[in-house]
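Counting convention: from 1, in listed order, for ligands and their atoms alike. Here, residue 1 is the first one in the sequence, and each next residue gets the next number.
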Amino acid sequence: MSNQKVSVLDIRQSKKDGRKLVMMTAYDYPFGLLADEAGVDIVLIGDSLGMVVMGLEGTVEVTMEHMIHHTRAVVRGCKNPLIIGDMPFMSYNISIQEAIRNAGRMMKEGGCDAIKLEGGVDFAPTVGAIVTAGIPVQGHIGLTPQTASALGGFKMQGRDAQAARQIIADARALEKAGVFSMILEAVPAPLGKLVADAVSVPVIGIGAGPDVDGQVLVTHDMIGLFDRFVPKFVKQYANIRPIILDALLAYKNEVLEVKFPAAEHSFKMPEEALKQLEKEID
Ligand code: KIV
């Protein structure tokens with residue numbers, strides 16, 4: 001997009017203009033800066049940080065405090081992209097009041113521009129209430145990682161006609177509730193197109209094929225920093241883990257062999273002062 005701050009109106013407009021949206025995740029200040037420099041449209045502080053940053057098995061243990069902490073760090077580095085804070089499991093599921101309160105915290109304390117939450121038809125009233133409170137909401141349907149165990153694991157969704165119909169109904173319910181865009185995760189590519197055609201707001205795919213309105217990937221997956229589990233829909237644009245590991249091994253070896261620090265990494269001391277000190281110590 002341009003080198004101006006991206007708004008939710010720009011995101012809505014992109015679909016009318018037929019321009020694909022580029023979205024990525026970030027969890028800290030250095031990646032906030034990089035996302036800004038790359039000029040992506042949207043940066044998500046995803047609760048995927050539970051896995052790729054915190055080493056958890058899934059996203060269920062991620063809390064509001066974790067999300068706010070990481071969102072603040074990204075916001076400090078990332079000026080132009082629209083910044084979305086992901087609502088963690090159980091921060092919006094118990095009551096609509098609590099959902100509005102937590103969405104407000106994410107904006108006020110995290111400093112993001114919008115929030116994202118998972119769920120379709122069942123969560124449309126919650127989405128509607130948060131939007132009415134003045135908070136822009138991005139939906140997330142198809143594979144919803146927070147409830148993956150209820151869906152039978154991290155599996156493709158919308159396999160048969162009935163399941164696909166439900167996903168289209170979810171998309172329509174979210175559109176009606178006022179989302180400015182939605183994520184569609186892990187569905188067959190033809191269903192991705194059907195969903196994108198069924199609603200007027202941008203549908204951003206992750207494992208939903210090419211015929212949606214934009215793409216998102218978990219950054220640590222696409223740069224090869226997290227390789228414990230790589231979903232089929234991830235393309236690795238770089239493989240930086242071995243590069244980092246090589247640097248760490250070289251550092252370790254040079255410290256052990258007293259090759260680091262060399263003269264250029266060491267501070268000098270005036271000759272006179274050194275002589276004086278050496279005399280005193282003797
Ligand atoms: O948490 C996350 O990173 C996400 C993306 C997969 C969209 O929800």
Side-chain angles (χ1 to χ4, degrees), residues 11 20-28 31-32 35 40-64 66-71 73-74 78 81-93 103 106 110 112 114-120 123 127 137-149 151 153-157 167 170-171 174 179-187 192 195-196 201-209 212-223 225-226 228-236:
I11 300 303
K20 297 279 187 194
L21 289 165
V22 184
M23 175 167 167
M24 62 179 269
T25 65
Y27 314 101
D28 57 20
F31 276 91
V40 300
D41 300 301
I42 306 176
V43 172
L44 170 72
I45 299 87
D47 64 353
S48 50
L49 71 84
M51 290 169 292
V52 303
V53 174
M54 295 169 67
L56 301 171
E57 283 304 313
T59 56
V60 165
E61 289 173 66
V62 176
T63 66
M64 279 297 296
H66 297 144
M67 292 308 306
I68 289 168
H69 171 87
H70 285 272
T71 300
V74 172
C78 196
L82 185 84
I83 299 184
I84 302 182
D86 210 1
M87 297 292 287
F89 185 53
M90 285 298 147
S91 66
Y92 59 93
N93 318 59
M106 193 73 89
C112 55
I115 62 106
K116 172 171 90 61
L117 58 79
E118 295 181 7
F123 281 88
V127 168
V137 178
Q138 181 178 69
H140 186 154
I141 55 174
L143 173 60
T144 44
Q146 292 173 6
T147 45
S149 60
L151 299 174
F154 288 84
K155 285 187 185 153
M156 189 186 80
Q157 302 297 306
I167 291 173
D170 286 337
L174 288 180
V179 298
F180 68 91
S181 66
M182 65 189 82
I183 301 294
L184 178 61
E185 181 164 352
V187 298
V195 174
V201 294
V203 173
I204 300 175
I206 173 163
V212 286
D213 305 304
Q215 299 291 332
V216 58
L217 281 177
V218 169
T219 297
H220 288 41
D221 291 339
M222 74 159 119
I223 62 170
L225 186 54
F226 179 79
R228 209 174 70 196
F229 169 71
V230 183
K232 172 185 164 59
F233 52 72
V234 170
K235 178 169 176 181
Q236 273 196 348

Minimum heavy-atom separation for [X] and [Y], please, with both atom names.
{"X": "A171", "Y": "V195", "answer": "CB-CG1, 3.7 Å"}
{"X": "T147", "Y": "E118", "answer": "N-OE1, 4.1 Å"}
{"X": "M106", "Y": "P88", "answer": "CE-CD, 4.0 Å"}

Can you sort out which atoms of ligand 1 are near [X], meaning under 4.0 Å from one of its heavy atoms?
{"X": "G46", "result": "1 (O), 2 (C), 3 (O)"}
{"X": "D47", "result": "1 (O)"}
{"X": "H140", "result": "8 (O)"}
{"X": "I206", "result": "6 (C)"}
{"X": "L44", "result": "2 (C), 3 (O), 4 (C), 5 (C), 7 (C), 8 (O)"}

Give yes if a backbone or side-chain nitrogen or oxygen of [X] is under 3.5 Å from a nitrogen or oxygen of ligand 1, and no if not.
{"X": "D86", "answer": "yes"}
{"X": "T25", "answer": "no"}
{"X": "K116", "answer": "yes"}

(Q) Tell me whether the rings of Y27 and H220 are parallel (<30°), tilted (30 to 60°) or perpendicular (>60°). (A) perpendicular
Q | pair F233-I206: side-chain heavy atoms closer than 4.5 Å | A | yes
Q: Apply side chain to side chain contact (heavy atoms under 4.5 Å, CB included) to the pair T59 and M51, showing each step before the final yes or no.
A: CA-CA 7 Å; T59 56; M51 290 169 292; 3.8 Å; yes
Q. Who's the nearest protein heavy-atom neighbour of atom 2 (C) of ligand 1, and how far?
A. S48 OG, 3.3 Å
Q. Among D86, V218, V53, D221, whose side-chain contact (heavy atoms from CB on, under 4.5 Å) with S48 holds?
A. V218
